[in-house]
Amino acid sequence: MNSMQELIKQTVIKAGQSLFGVDFPETSIQFQATRKEFDGDITLVVFPLTKLTQSKPEELGEKLGAFLVQEIEALTAFNVVKGFLNLVYTDGFWMKSLEGMVKQPDWGKSPKDSRPRMMVEYSSPNTNKPLHLGHLRNNFLGYSVSQILEAFGHKVTKVQIINDRGIHICKSMYAWLKSGRNETPESTGMKGDKLVGKYYVEFDLQYKAEIKELMATGSSEDEAKQQAPSILAAQEMLRQWEEGNEEVVSLWKKMNQWVYAGFDVTYARMGVSFDKLYFESETYLKGKEEVEKGLANGVFFKKDDGSVWIDLTEEGLDQKAVLRRDGTAMYVTQDIGTAILRFEDYPDTAGQIYTVGNEQEYHFKVLFKILKKLGWTQSDACHHLSYGMVELPEGKMKSREGTVVDADDLMESMATESRLVADEQGKLSDLTEDEKKDTYDIIGMSALKYFLLRVDPKKNMMFNPQESIDFNGNTGPFIQYAYVRTQSILRRAGDFKMESWNGVDINEWERNLIKCLSAYPNAIEEAASKYDPSVVAAFAYELTKTFNSFYQQCSILKEENAALKSLRMELTALSGQCIASSMQLLGIEMPTRM
RNA sequence: GAUCUCGUAGCUCAGUUGGAUAGAGCAUCUGCCUUCUAAGCAGACGGUCAGGGGUUCGAAUCCCUUCGGGAUCACCA
């Protein structure tokens, strides 16, 4: 709620007393944006007040409207449609708002470090296979939420937990040893993550073949799955790894390094980064220690067989195991350890945001409850940023069925697509090859990022690889294009000297644009409180459409009245800045030409 | 079986704590480049908000129910 709405609200309460002798409770005063087919800037819904005043909606609206326009200087007119009182702000009010926006160097953002530290976890891949489309949604979401929280004034620490340990990586290791012929990223020219992923697939093929063979000789499926030689070998490697067997550990290090080098290339192209990395291999023992402590404090209890549990039935959940009977750590155990380690590393952390798929909702409910019971009050500000699957037309992506969309491939094809569109138009023909390549990349990535971020994170979404992602309409490139126009105008303006625009009359396109720009802080606040980048995407799109209409209707450089030209130049500059700023919250860069 | 989630135009998606005639983009069709970048602007077409019931001044939104999609409920991660 902005200060103008607050003023109207107080004046409505005053009207209640002086016109009707009634006290309106604050909750009965409801605002909504005025629909564009009606005249007005803000709408008061009067239905809730009709009972209190024993009057008909239309009459009440008329009375309140007259009262408000008389009392508040910034209101110039009103109209009543059914039970809706539409109020019109004066041009003077809008001019003043514009002055306020221009004065602030970073319009829309809250002061830096005005809110406590939040930790945002995202990406967190396994190290046995390359990143795919689902990881792209994850990374873009996590990075964008970090940017949004920062813009809202939080200190932000971006982290990931790298699942570098476990049976999955041993599978790739085993297959590489068995049939790798000492292949390396250098010898094959493959990205390290792709090479390791290749062996993971190879393992799976071999494993399946063995199962089939065993079942043919009379084993049940379960037996076959447990007794296949390759799985036994992988399990043996995991045991040796835990014992610290030198050969196994050094192979593990070597192959993980390959993967990290590959991931680094992918992250760089994605435009995401991290402030601190946590490795499961370094934190998984911490969880066990914390469970031991909690056991001593009575938070956990031990069953007869030696396994350790927590009872969450009072919280509406079940009993949950936190240590196996052989004393080894489980998935939750590790997450408990990692969370606590982070609170210890950054003691001023108010809460953690976990960007993880929605299939793990139960897991995080459990985790947060456990942290709370262990005495970590930051648990209240922890949040599972849960997002839906990216579905393909044929259903879910399944790595085993080869229906994954590889992250590197997709990013490359977006750049190629953007090159095609640009070459067809020929607008960039005077750029150097390097400059062109950068531009294609920036445009392609914006199409991809915007496509994934404009959708409500919690919903499943559809991606059709056959129909390439659009560059027209509600898309990243559409928004970039408007930005490029603003920059082009500012360039061409040369050394035009700005004048005061005080007292010029504004038309509906100028007014709409100011109105739209003034909503930016609200958009950031809503996005930050909901952890939802799609709010920012919707804002950027709305602003872009409004600017485009303005651009089409009002000539800027050719305007002869210097005061009006100054106003339009200012609007152009501010629109460009605001578009770039909001897109930056989505992790999307702006080209200077396209 | 239990719990959660989703179902809105041919397709992809918006739709605030319940509010006005349910909105965008794509696709299809009409106009607009001798004028600041047409990756644009202006317009047309397109809906039983999955079905049924309820709550009330008022329901896509809240409650119940049926149908349909997805997920979760491991001493897997």
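None of these values were measured; they are calculated from a predicted model. Chain letters run A, B, ... following the sequence lines, proteins first, then strands; residues in each count from 1.
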_Students often get this wrong, so: under 4.0 angstrom with heavy atoms, is A:Tyr362 touching a base, only sugar-phosphate, or nothing?_
sugar-phosphate
*Please state whether the rings of A:Tyr331 and A:His363 are parallel, tilted or perpendicular, taking 30° and 60° as the class boundaries.*
parallel
*Between A:Asp532 (CG) and B:A14 (C1'), how many Å, whole number?*
11 Å
_When you measure from the centre of the six-membered ring of A:Trp309, is the NZ or CZ of A:Lys303 closer than 6.0 Å and no more than 45° off the axis?_
yes
*If you look at every strand shown and take non-hydrogen atoms under 4.0 Å, does A:Asp456 touch a base, only sugar-phosphate, or nothing?*
sugar-phosphate
*According to the Watson-Crick and G-U wobble definitions, with both distances under 3.5 Å, which nucleotide is paired to B:A59?*
none
_Could you tell me how far apart A:Leu312 (CG) and B:C73 (P) are, to the nearest whole angstrom?_
15 Å
_Listed partners of A:Tyr362 passing ring pair (Phe, Tyr, Trp, His ring centres under 6.0 Å), at least two apart_ = none
_Partners meeting ring pair (Phe, Tyr, Trp, His ring centres under 6.0 Å) with A:Phe368 (sequence neighbours left out)_ = A:Tyr354, A:Phe364
_Just to verify, what does A:Tyr450 make a ring pair (Phe, Tyr, Trp, His ring centres under 6.0 Å) with, not counting sequence neighbours?_
none
*Report yes if a side-chain nitrogen or oxygen of A:Arg165 is closer than 4.0 Å to either non-bridging phosphate oxygen (OP1 or OP2) of B:A77; otherwise report no.*
no
*What's the CZ-P distance between A:Phe38 and B:G23, to the nearest Å?*
10 Å
*Touch check for A:Gln425, heavy atoms < 4.0 angstrom, all strands: base, sugar-phosphate only, or nothing?*
base
_Closest listed nucleotide, where the reference is the side chain of A:Asn86 and the choices are B:U37, B:A20, B:A77_ = B:A20
*Answer yes or no: does a side-chain N or O of A:Ser488 lie under 4.0 Å from OP1 or OP2 of B:U37?*
yes
*Report the base-pairing partner of B:C26 (Watson-Crick or G-U wobble, both distances below 3.5 angstrom), or none.*
B:G10
*asked:* Under 4.0 Å, heavy atoms only, any strand: does A:Ala321 hit a base, just the sugar-phosphate, or nothing?
replied: sugar-phosphate
_Near RNA chain B, counting only heavy atoms under 4.0 Å, which residues of residues 469-482 of chain A show up?_
A:Asp470, A:Phe471, A:Asn472, A:Gly473, A:Asn474, A:Phe478, A:Tyr481
*Please determine if a side-chain N or O atom of A:Tyr551 lies less than 4.0 Å away from the OP1 or OP2 oxygen of B:A38.*
yes
*Remember a base hit wins even if backbone is also touched, and classify A:Lys82 as base, sugar-phosphate or nothing at under 4.0 Å, heavy atoms.*
sugar-phosphate
*asked:* Checking A:Phe547 now: which residues fulfil ring pair (Phe, Tyr, Trp, His ring centres under 6.0 Å) with it, not counting sequence neighbours?
replied: A:Phe550
*Just call it for A:Val421: base, sugar-phosphate, or nothing, with non-hydrogen atoms closer than 4.0 Å on any strand.*
base
*From the options B:C13, B:U37, B:C57, select the nucleotide whose nearest atom is closest to the side chain of A:Lys51.*
B:C57
*Ignoring backbone atoms, establish whether A:Lys545 has a side-chain N or O less than 4.0 Å from OP1 or OP2 of B:A42.*
no
Measure all distances between protein nitrogen or oxygen atoms and nitrogen or oxygen atoms of nucleotides 61-64 of chain B, and list the pairs falling under 3.5 Å.
none

What N/O pairs connect the protein and nucleotides 16-18 of chain B at under 3.5 Å? Give each pair on its own line.
none

_Strand partner of B:G46, provided both Watson-Crick or wobble distances fall under 3.5 Å_ = none
*Stacking here means centres under 5.5 Å and planes under 30°; does A:Phe84 stack on B:A20?*
yes
*How is A:Met594 classified with respect to the nucleic acid when contacts are heavy atoms under 4.0 Å: base, sugar-phosphate, or nothing?*
base
*In whole angstrom, give the distance that lies between atom CD of A:Glu560 and atom C1' of B:C36.*
14 Å
*Applying salt bridge (charged side-chain N to carboxylate O under 4.0 Å, His left out), which residue pairs with at least one partner in residues 29-48 of chain A are found, sequence neighbours left out?*
A:Arg35-A:Glu37, A:Asp41-A:Lys515
*Could A:Lys171 and A:Tyr200 be counted as a cation-pi pair, given that NZ or CZ must be under 6.0 Å from the ring centre and within 45° of the axis?*
no
*Scan A:Ser549 against the nucleic acid and name what it touches under 4.0 Å (heavy atoms): base, sugar-phosphate only, or nothing.*
sugar-phosphate
*Whom does B:G40 pair with, Watson-Crick or G-U wobble, provided both distances fall under 3.5 Å?*
B:C32
*Just compare B:U37, B:U72, B:C36 and give me whichever is closest to any side-chain atom of A:Ser555.*
B:C36
_Both A:Leu85 and A:Leu557 contact RNA chain B. Taking the nearest nucleotide for each, which residue is further toward the 5' end?_
A:Leu85
*Row check, A:Phe496 ring normal vs A:Lys565 NZ/CZ: under 6.0 Å, within 45°*: yes
*d(CD1, A:Ile556; C1', B:C36) in whole Å*: 6 Å
*Using atom CD1 of A:Ile443 as one end and atom P of B:U37 as the other, report the distance to the nearest whole Å.*
16 Å
*To the nearest Å, how far apart are A:Phe451 CZ and B:A14 P?*
11 Å
_Below 4.0 Å: OP1/OP2 of B:G23 and any side-chain N or O of A:Arg35_ = yes
*asked:* Looking at A:Tyr551, I'd like to know if the NZ or CZ of A:Arg485 sits under 6.0 Å from its six-membered ring centre while staying within 45 degrees of the ring's axis.
replied: yes
Report, one pair per line, the protein and nucleotides 1-11 of chain B atoms (nitrogen or oxygen only) whose separation is under 3.5 Å.
none

*Side-chain touch A:Ile443/A:Gln480, heavy atoms, less than 4.5 angstrom*: yes
*A:Arg492 side chain N/O closer than 4.0 Å to the phosphate oxygens (OP1, OP2) of B:C36?*
no
_Taking only side-chain N and O atoms of A:Asn548, does any of them lie within less than 4.0 angstrom of OP1 or OP2 on B:C41?_
yes
Got a list of protein N/O to nucleotides 29-35 of chain B N/O distances below 3.5 Å?
unit_1 : atom_1 : unit_2   : atom_2 : d
B:U35  : O2'    : A:Lys558 : NZ     : 2.4

*Tell which nucleotide pairs with B:U3, taking only Watson-Crick or G-U wobble pairs whose two distances are both under 3.5 angstrom.*
B:A71
*asked:* Using a 4.0 Å heavy-atom cut-off, does A:Arg325 contact any base of the nucleic acid, only the sugar-phosphate backbone, or nothing at all?
replied: base
What side-chain donor-acceptor pairs closer than 3.5 Å can you find for residues 529-539 of chain A, not counting sequence neighbours?
unit_1   : atom_1 : unit_2   : atom_2 : d
A:Ser529 : OG     : A:Glu525 : O      : 3.0
A:Ser529 : OG     : A:Glu526 : O      : 3.1
A:Lys530 : NZ     : A:Glu526 : OE2    : 3.1
A:Asp532 : OD1    : A:Ser534 : N      : 2.8
A:Asp532 : OD1    : A:Ser534 : OG     : 2.6
A:Asp532 : OD2    : A:Ser534 : OG     : 3.1

*Salt bridge flag under 4.0 Å for residues A:Arg239 and A:Glu236*: yes
_Atom CD of residue position A:Glu394 - does it have more than 12 heavy atoms of other residues, nucleotides or ligands inside 6.0 Å?_
yes
*Check side chain to side chain donor-acceptor pair (under 3.5 Å) between A:Tyr541 and all other residues, then give those that pass, not counting sequence neighbours.*
none
*Would you kindly check whether a donor in the side chain of A:Thr43 faces an acceptor in the base of B:A20, or vice versa, at under 3.5 angstrom?*
yes
*Figure out the CZ/P separation between A:Phe539 and B:G15, and round it to whole Å.*
16 Å
